[in-house]
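Read the structure below first, then the notes.
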Number of protein chains: 2
Amino acid sequence: MSGAVTIGVAAKATGVSAKMIRYYEETGLLPPADRTASGYRLYGEEDLHTLRFVRRARDLGFSVEDIAGLLALWQDRGRASAQVKALALHHVADLRRRIAELEAMARTLASLADHCSGDSRPDCPILDDLAADHAPDPRWPHRVKPLSR
Amino acid sequence: MSGAVTIGVAAKATGVSAKMIRYYEETGLLPPADRTASGYRLYGEEDLHTLRFVRRARDLGFSVEDIAGLLALWQDRGRASAQVKALALHHVADLRRRIAELEAMARTLASLADHCSGDSRPDCPILDDLAADHAPDPRWPHRVKPLSR
DNA sequence: CCTTGACCTTCCTACGATGGGAAGCCCCAC
DNA sequence: GTGGGGCTTCCCATCGTAGGAAGGTCAAGG
């Protein structure tokens, strides 16, 4: 029943650093914490719960802005789960898009590295690729450079 | 043989914005460009080649710091391709690590969303998961909170 | 009662890569 | 010579996080 703890304890208990707790408060993600007479922030069990919620959401890659939405829905007992699901699926789509981008990079680079002898000789397909003329604009129909000269 | 072009032309020709070209120069990735009498930066064919190299490397996800290394190797005719390959493979490993992280998030979230009805009712496994007690420190052996009180 | 050390407060700085914008100079075409 | 577009530098913002300085607070132990 003691309840209220200071920011350092709250940080350790929730895995959110004290710095970030202050930042979240400052940016409005969290409401201003209660204070002791001397100005120390105090966190009760419910606040800790909220902080853990925020941390979990961050761990799942949600932006702070998205988390504000999730928190609002969480605290709205009359919410429609459809709203939550939409937010989540939107985020999943975002994650998948970023994954696809990274995978394209990794594939390209791995394939280049695969063709590189990796010994003491200077010849290197990786550098050759980087130095080659890559079409800047057209997305995929990668126009091969004209052969005749 | 006109050769030298101003920064805006170089930007369009290479796909690197003028802002970024200045930034790269400022941070030492690129050597200071030649200037006209009135202070305009000038870029020759070789500079454009370098800029395209940088852009390609950025497109492959290399950090500016890594690109500095790649540029140095590129310009070192006596380099060992092993060095380039090592840099590339290190970066691939980094990409794969980030991909794995994002995939873990996406998988978790997609599975939660999958169990969410997504209708007008408020019940939502996604929020339930976010609100649940997730172990902060211990990696997986998820210690359940003590029952007795 | 006073010191000590751990904690808290605010405020400022930085990261990495990028974009936006303002104020002022430069250059070319008309 | 004028207008408009390009160039210069300088400052600010992003996003989430961390570090540090300067100073107040608190509890424990002498």
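Letters A, B, ... mirror the listed sequences (proteins, then strands); counts begin at 1.
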- Note on the structure: Contacts of A/Gly8 and B/Ala37 projected onto DNA chain C by closest heavy atom; the upstream (5') one is A/Gly8

- Take atom CE of A/Met20 and atom C1' of D/dG16, then tell me their distance rounded to the nearest Å. 5 Å

- Side chain of B/Arg58: nearest nucleotide among C/dA17, D/dC26, C/dC8? C/dA17

- Note on the structure: Rounded to the nearest 0.5 Å, the OG1 atom of A/Thr108 sits from the CD atom of A/Glu103 at a distance of 11.5 Å

- Task: Nearest whole angstrom, please: distance from the C1' of D/dG16 to the CD of A/Glu65.
- Result: 14 Å

- Message: Whole angstroms only, please: what is the OH-P distance between A/Tyr43 and C/dT9?
- Response: 7 Å

- Below 4.0 Å: OP1/OP2 of D/dA18 and any side-chain N or O of A/Ser17: yes

- Query: Reckon A/Arg22 touches a base, only the sugar-phosphate, or nothing at all at heavy-atom distances under 4.0 Å?
  - Reply: base

- A/Leu30 CG - D/dG16 P separation (whole Å): 13 Å

- Write down the distance between CZ (A/Arg35) and P (D/dC26), rounded to a whole number of angstrom. 13 Å

- B/Arg41 side-chain N/O to D/dC7 phosphate OP1/OP2 under 4.0 Å: no

- Message: So does B/Gly44 get a backbone contact from the side chain of B/Asp47, meaning a donor-acceptor N/O pair under 3.5 Å?
- Response: yes

- Task: Give a yes or no on whether the backbone of A/Leu48 and the side-chain of A/Thr14 come within a donor-acceptor separation of less than 3.5 Å.
- Result: no

- Query: Taking atom types as they are modelled, is there a donor-acceptor pair under 3.5 Å from the base of D/dG16 to the side chain of A/Lys19?
  - Reply: no

- Note on the structure: Comparing A/Thr36 with A/Tyr23, nearest DNA chain D nucleotide closer to 5' gives the residue A/Tyr23

- Answer with yes or no whether A/Tyr40 presents, from its side chain, a donor or acceptor under 3.5 Å of a partner atom in the base of D/dG24. yes

- Salt bridge B/Asp59-B/Arg56, side-chain N to carboxylate O under 4.0 Å: no

- Between C1' of D/dT9 and CD1 of B/Ile21, the distance in whole Å: 16 Å

- Between atom CD in B/Glu26 and atom C1' in C/dT18, what is the gap in whole Å? 13 Å

- Query: Starting at the 5' end of DNA chain D and moving along, which residue's nearest nucleotide shows up first, A/Tyr24 or B/Thr6?
  - Reply: B/Thr6

- For atom CD of A/Glu25 and atom P of D/dG16, their distance in whole Å: 17 Å

- Determine whether more than 12 heavy atoms belonging to other residues, nucleotides or ligands lie under 6.0 Å from atom CZ of B/Arg121. no

- Note on the structure: Which of C/dT10, C/dC26, D/dT25 is nearest the side chain of B/Ser38? It is C/dC26

